[in-house]
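First comes the structure, then the notes that go with it.
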Amino acid sequence: MRTLGVAILGLFVGLAAGFLLFSELVARLVVHDGTVDPPWAFVIGFGPQVLAVAGAVVAVVIDRRRGGGEAR
């Protein structure tokens, strides 16, 4: 049950980091005349979701390595 909680926490932290990174930083860097080119639009759109999944995986791995995970 602890692993599920850690994974959900990592998911939300990754999602928040993804929105900050892609929606704010990358979007501001690649906007030209108020428009975004199609490849960058996909990166900005799907970036937060990818970081959310990565955050969940990283959170579980860190929890397991610190010895806080469930017994195997």
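Just so we're clear, the structure is a prediction, and the values are computed from it rather than from any experiment. Note that the numbering runs from 1 along the sequence shown for the chain.
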Side-chain heavy atoms of Val6 within contact of Arg64, under 4.5 Å: no
Which residues share a side-chain contact (heavy atoms from CB on, under 4.5 Å) with Val31, sequence neighbours left out: Val36
Run the side-chain contact (heavy atoms from CB on, under 4.5 Å) test on Val43 and Val30 for me, step by step, so that the C-alpha distance in whole Å, both residues' side-chain angles and the decisive distance to 0.1 Å come before the verdict. CA-CA 11 Å; Val43 170; Val30 298; over 6 Å; no
Hey, is the main chain of His32 close enough, under 3.5 Å, to the side chain of Thr35 for a donor-acceptor pair? yes
Nearest heavy-atom contact between Ala27 and Ile44 is CA-CD1, 3.6 Å
Ala56 versus Ala7, closest heavy-atom pair with distance: CB-O, 3.5 Å
Nearest 0.5 Å, what's the [atom1]-[atom2] distance between [X] and [Y]?
{"X": "Leu4", "Y": "Leu9", "atom1": "CG", "atom2": "CG", "result": "11.5 Å"}
{"X": "Leu29", "Y": "Trp40", "atom1": "CG", "atom2": "CH2", "result": "8.5 Å"}
{"X": "Asp63", "Y": "Thr3", "atom1": "CG", "atom2": "OG1", "result": "6.0 Å"}
{"X": "Phe22", "Y": "Leu51", "atom1": "CZ", "atom2": "CG", "result": "5.0 Å"}

Whichever hydrophobic residues join [X] through chains of side-chain contacts under 4.5 Å:
{"X": "Phe46", "result": "Phe42"}
{"X": "Val57", "result": "Val61"}
{"X": "Ile62", "result": "Val58"}

Expected list for residues 10-17: side-chain donor-acceptor pairs under 3.5 angstrom, two or more places apart:
none

Salt bridge (Lys or Arg N to Asp or Glu O under 4.0 Å) pairs touching residues 27-49, sequence neighbours excluded, are Glu24-Arg28
Suppose we screen for side-chain hydrogen bond (donor to acceptor under 3.5 Å, both in side chains). Which residues come up paired with Gln49, at least two apart in sequence or across chains? none
